[in-house]
A.B. asks: 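Pasting a structure below so you can have a look.
The analysis underlying the following values was restricted to heavy atoms, covering all of them including side chains, and did not include hydrogens, waters or symmetry mates. All of these numbers come straight from a predicted model, not from anything done at the bench.
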Amino acid sequence: IWRRGYGCSMSATPTRSPTAVPNASPLSKSGSRGFPTIAPANLPTVSPNLPDDVSYHGGPVLQGTVNLYNIYLGDFTNSSVINGSRRNTTTLMDYFAANIGNTSWYKIISSYYQITTDKIIYASNSAKYISSLNLQPTARALSYSDSNIQREIYNSLLSQTLPTDENAVYVVMFRGDFSVSFEGYNWLTDFCSYHSAFLIPTG
């Protein structure tokens, strides 16, 4: 799961300025960011000290065309007139999701990859907007922790209100008057977005 606010990174090792990692042992990890230092023959590896690297959390990167789901947490009924038309946040963000997937901006993601023992697997290079969901649609000025948000999403997946999609990005957006905390940090004070992950039982 990935969200403005919440998710699992779909990109891994950057291709920019690759630097060989000497004597990398199979399945080892280097640095606090946990980049894999697997160095099969003729494949580039990357220094864990790049200033703009992306944390690799293990597991496969999302490939091909990724499905996008927007999740709105709280009351998003307020709207504004833009170019003569009345629009609200959900309309604008759904439009954004429906149109970003084939842009050069989105394709930047495909410059990141995962290294396995014998090949490089590149991340998604396109996306398709599927649908949106409004959770707590009348809520205002609530306080949420990351575990609260996980519970909201988990319940929606469990009830099939939200599809369980293994090749998807779930983007969660909060009302501006919400108070959201993540690992001791606060939204709009310490960060403007974050990503994390949780496991969904399949049995």
A.B. asks: To the nearest 0.5 Å, tell me how far I71 CD1 sits from F174 CZ.
C.D. replies: 10.0 Å
A.B. asks: Would a line drawn from the ring center of Y194 to the ring center of F182 be shorter than 6.0 Å?
C.D. replies: yes
A.B. asks: Name all pairs fulfilling the ring-ring contact (aromatic ring centres under 6.0 Å, His included) condition that reach into residues 72-94, sequence neighbours left out, sorted by first residue then second.
C.D. replies: Y72-F76
A.B. asks: Within the structure provided, determine whether E152 and I149 are in side-chain contact (heavy-atom separation under 4.5 Å).
C.D. replies: no
A.B. asks: Return the CG to CD distance between N67 and E166, rounded to the nearest 0.5 Å.
C.D. replies: 11.5 Å
A.B. asks: Any idea which heavy atoms bring N167 and D165 closest together, and the distance?
C.D. replies: N-OD1, 3.0 Å
A.B. asks: Is atom NZ of K107 surrounded by more than 12 heavy atoms (other residues, nucleotides or ligands) closer than 6.0 Å?
C.D. replies: yes
A.B. asks: Do K128 and I130 have side chains that get closer than 4.5 Å, going by heavy atoms?
C.D. replies: yes
A.B. asks: If you compare all heavy atoms of I100 against all heavy atoms of T103, which two are closest, and at what distance to 0.1 Å?
C.D. replies: O-OG1, 2.8 Å
A.B. asks: Once you round to the nearest 0.5 Å, how far does CE of M93 lie from CG of L68?
C.D. replies: 10.5 Å
A.B. asks: Between D146 and Q150, do the side chains contain an N or O donor and an N or O acceptor separated by less than 3.5 Å?
C.D. replies: yes
A.B. asks: Given the rule in the side-chain contact (heavy atoms from CB on, under 4.5 Å) test, do V66 and Y106 qualify, once you have shown the distances and angles that lead to the verdict?
C.D. replies: CA-CA 11 Å; V66 167; Y106 183 88; 3.8 Å; yes
A.B. asks: Might you point out which heavy atoms bring A98 and Y129 nearest each other, and give the distance in Å?
C.D. replies: CA-CB, 3.5 Å
A.B. asks: For L188 versus G176, what's the shortest heavy-atom pair and its separation?
C.D. replies: CD1-O, 4.0 Å
A.B. asks: Hydrophobic clusters here meaning ILVMFWY residues chained together by side-chain heavy-atom distances under 4.5 Å, can you tell me if W105 and Y95 are in one?
C.D. replies: no
A.B. asks: Roughly how far, to the nearest 0.5 Å, is OH of Y122 from CD of Q114?
C.D. replies: 12.0 Å
A.B. asks: Of the non-hydrogen atoms in Y144 and Q136, which two are nearest, and what is the gap between them?
C.D. replies: OH-CG, 3.4 Å
A.B. asks: For the pair S124 (side chain) and G64 (backbone), establish whether a donor and an acceptor sit closer than 3.5 Å, ignoring hydrogens and angles.
C.D. replies: yes
A.B. asks: Within the 4.5 Å heavy-atom criterion, are Y112 and V61 side-chain neighbours or not?
C.D. replies: no
A.B. asks: How far does CG of L62 sit from CD1 of I109, to the nearest 0.5 angstrom?
C.D. replies: 9.5 Å
A.B. asks: Can you tell me how far apart CG (L133) and OG1 (T90) are? Round to the nearest 0.5 Å.
C.D. replies: 12.0 Å
A.B. asks: Do you know which two heavy atoms are closest between N70 and A97, and how far apart they sit?
C.D. replies: ND2-CB, 3.7 Å
A.B. asks: Under 3.5 Å, is there a donor-acceptor pair linking the side chains of T161 and S156?
C.D. replies: no
